[in-house]
Number of protein chains: 2
Amino acid sequence: MEQKRSDIIANQIEELIFDGTFSDGERLDEVQLSERFAVSRTPIREALLRLAQSGLVAHYPRRGVFVRQPGPIELIEMFEVMAELEATCARLAATRISDAAIDELKATNARCNAAVQDSDTERYYRENEQFHAILYRESGNSFLEQECLRLQRRLQPFRRTQLRLRGRLKQSMKEHEQIVSALVEGDGQAASDTIRSHVAVQGEKFHHLMSRLKTAAE
Amino acid sequence: MEQKRSDIIANQIEELIFDGTFSDGERLDEVQLSERFAVSRTPIREALLRLAQSGLVAHYPRRGVFVRQPGPIELIEMFEVMAELEATCARLAATRISDAAIDELKATNARCNAAVQDSDTERYYRENEQFHAILYRESGNSFLEQECLRLQRRLQPFRRTQLRLRGRLKQSMKEHEQIVSALVEGDGQAASDTIRSHVAVQGEKFHHLMSRLKTAAE
DNA sequence: AATATCCCTGTTGTATACAAAAAAGTTGAC
DNA sequence: GTCAACTTTTTTGTATACAACAGGGATATT
């Protein structure tokens, strides 16, 4: 299952948007991109169409594609949906999760903690995402899992800034442990509620996200 | 905001899959399609790529695209997610819905009933979908609304067969009214629970869906 | 007869060529 | 000098041409 060139290009353009090379509202010129990637316009167009479908760029027919970063309102909305989807995963997982997966969660949490000790933020992000990914899988619903992974990927850059909030790391780790405990006890309601507030943007997290958006816009 | 030719073609191909012209597993030949629609392969390819992203066809690189109807397990999974998304909509709507929207829901329900009286199933389907669409909108979360509409569209053909279950129409209408009542009283929990079981595939609905799938496969 | 290799055909993926529409630039009128 | 209409240029959307790969079948070898 090798991927096409246009798929690779789509991921690379996505990366360029995430790391700020292409900023919000900027027009993505097909010819320029085709020169940059040393291919013809065809695979570039296919890549851009894919990104347009995922919502990362807006495609105005006969006018071009433009980078489309979510504004504050849309971001809150997306986090709200993410929180609900993950809450559903947790609730379902509470009755469906396997013992092996519980161990996996604990091990991932341990690696998270280790990363915090080593101040290895990059590794922390990875392990944190892994923790959530395990939950998606243990929902026992592959479709739900895929949807969660899709949205997680889309929110990834913003979730990362969220974790930079002072003291958030420790709090986040504690919540992870609460989630695992709830799952062990099969308490779907508790697991669900905990992860919902774990993911949702509210209180101090809200203000932090807003200020992050402002500085990113300059 | 006019749409491109490839968008129109994508919708038409989608229709052809829904109405059974192209059956599950069938390979969609780019040249044949380009002849059928009297265009070149380019817009056909763009349409197929879009359908592949939405999950309606599977795209195996260098081998072609194949119609990919969800199997029983995936269908149940999709309905489970749909039920959860709609439950979330209802819970949020309970605190956010406007009086005007309540009236809209009641009016739509009335038209639903009228359609039942006239045995106008097509109109019933439309009004039913409209009822749910209003709920999505009144969640006050545009992103959630879009996700719901996307999944609703994908499940549309299967939801319709669901409603053919004997006595299901009357039961469905009663549930609609219960949902409206719960919203009027601002009882998010009740609205949420009611719509979850309204949408979910369980009990008798499960067997009905299974038998439908079997006959459709022949 | 069975199997492996090679060639041929068909199909996808990519590049290029062309058409149509929008944006930009220029000229002219007031 | 400003604004409007026309022309030029740029850019997207579509068609066609070409290249690379996969699949099938024929042939040859064991």
Side-chain angles (χ1 to χ4, degrees), chain A residues 1-17 20-69 150 153, chain B residues 1-18 20-70 150 153:
Chain A
M1 188 178 121
E2 355 156 22
Q3 49 186 352
K4 294 189 306 177
R5 189 121 54 143
S6 62
D7 286 339
I8 300 167
I9 290 172
N11 289 335
Q12 290 186 349
I13 294 177
E14 195 173 80
E15 203 52 49
L16 289 173
I17 293 174
T21 307
F22 298 126
S23 47
D24 189 32
E26 190 172 342
R27 178 168 149 275
L28 297 179
D29 190 275
E30 295 181 357
V31 208
Q32 281 178 28
L33 287 172
S34 67
E35 286 164 2
R36 176 193 271 260
F37 289 103
V39 293
S40 78
R41 275 177 54 219
T42 312
I44 297 289
R45 278 181 65 82
E46 290 186 356
L48 290 178
L49 285 173
R50 205 185 94 177
L51 294 180
Q53 280 239 312
S54 77
L56 209 68
V57 301
H59 180 100
Y60 303 106
R62 294 217 173 265
R63 312 206 37 188
V65 301
F66 299 81
V67 177
R68 187 185 158 288
Q69 292 285 19
R150 204 169 53 89
R153 181 171 170 74
Chain B
M1 187 177 124
E2 357 155 19
Q3 48 186 354
K4 293 190 306 179
R5 190 123 53 147
S6 61
D7 286 340
I8 301 167
I9 290 172
N11 290 335
Q12 291 186 350
I13 295 177
E14 195 173 80
E15 203 52 47
L16 290 173
I17 293 174
F18 284 161
T21 307
F22 298 127
S23 48
D24 189 32
E26 189 171 343
R27 178 168 149 274
L28 297 180
D29 190 277
E30 295 180 358
V31 197
Q32 281 178 29
L33 285 172
S34 68
E35 286 164 2
R36 177 193 272 258
F37 290 104
V39 293
S40 78
R41 274 177 55 218
T42 312
I44 297 289
R45 276 182 65 82
E46 291 185 355
L48 291 178
L49 284 173
R50 206 185 92 178
L51 294 180
Q53 281 241 310
S54 77
L56 208 68
V57 301
H59 179 102
Y60 304 105
R62 296 215 173 264
R63 311 201 42 182
V65 300
F66 299 81
V67 177
R68 185 187 159 284
Q69 292 285 20
R150 203 168 53 90
R153 181 172 170 73

Value in whole Å for how far the C1' atom of D:dT10 lies from CD of A:E35: 14 Å
B:D29: side-chain hydrogen bond (donor to acceptor under 3.5 Å, both in side chains) partners, not counting sequence neighbours: B:R27
A:E14: side-chain hydrogen bond (donor to acceptor under 3.5 Å, both in side chains) partners, not counting sequence neighbours: A:R153
Return the polar atom pairs (N/O with N/O) between nucleotides 6-11 of chain C and the protein under 3.5 Å, or none.
{"residue": "C:dT11", "atom": "O3'", "partner": "B:R27", "partner atom": "NH2", "Å": "3.0"}

With sequence neighbours excluded, residues passing side chain to side chain contact (heavy atoms under 4.5 Å, CB included) with A:R50: A:D7, A:A10, A:N11, B:Q53
End axis versus end axis in the helix from C:dA1-D:dT30 to C:dC30-D:dG1, the angle rounded to 10°, five pairs used at each terminus: 10°
Sequence-distant partners of A:S40, side chain to side chain contact (heavy atoms under 4.5 Å, CB included), two or more places apart: A:T42, A:P43
Whole angstrom value for the distance that separates C1' of C:dA19 from CZ of B:R5: 11 Å
Qualifying residues under side chain to side chain contact (heavy atoms under 4.5 Å, CB included), relative to B:L16, sequence neighbours excluded: B:D19, B:T21, B:F22, B:R36, B:F37
Distance, rounded to the nearest Å, where A:R50 contributes CZ and C:dG13 contributes C1': 16 Å
Residues that A:R45 engages under side-chain hydrogen bond (donor to acceptor under 3.5 Å, both in side chains), provided they are two or more places apart: A:E30, B:E46
Atom-pair distance (CG on B:L49; C1' on C:dT12), nearest Å: 11 Å
Partner residues of B:S54 under the side-chain hydrogen bond (donor to acceptor under 3.5 Å, both in side chains) criterion, sequence neighbours left out: none
Heavy-atom neighbours of B:R150 CZ exceed 12 at 6.0 Å: yes
Partner residues of B:Y60 under the ring pair (Phe, Tyr, Trp, His ring centres under 6.0 Å) criterion, sequence neighbours left out: B:F66
With A:E35 via side chain to side chain contact (heavy atoms under 4.5 Å, CB included) - residues at least two apart: A:V31
DNA chain D-proximal residues of residues 38-48 of chain B, any heavy atom under 4.0 Å: B:V39, B:S40, B:R41, B:T42, B:P43
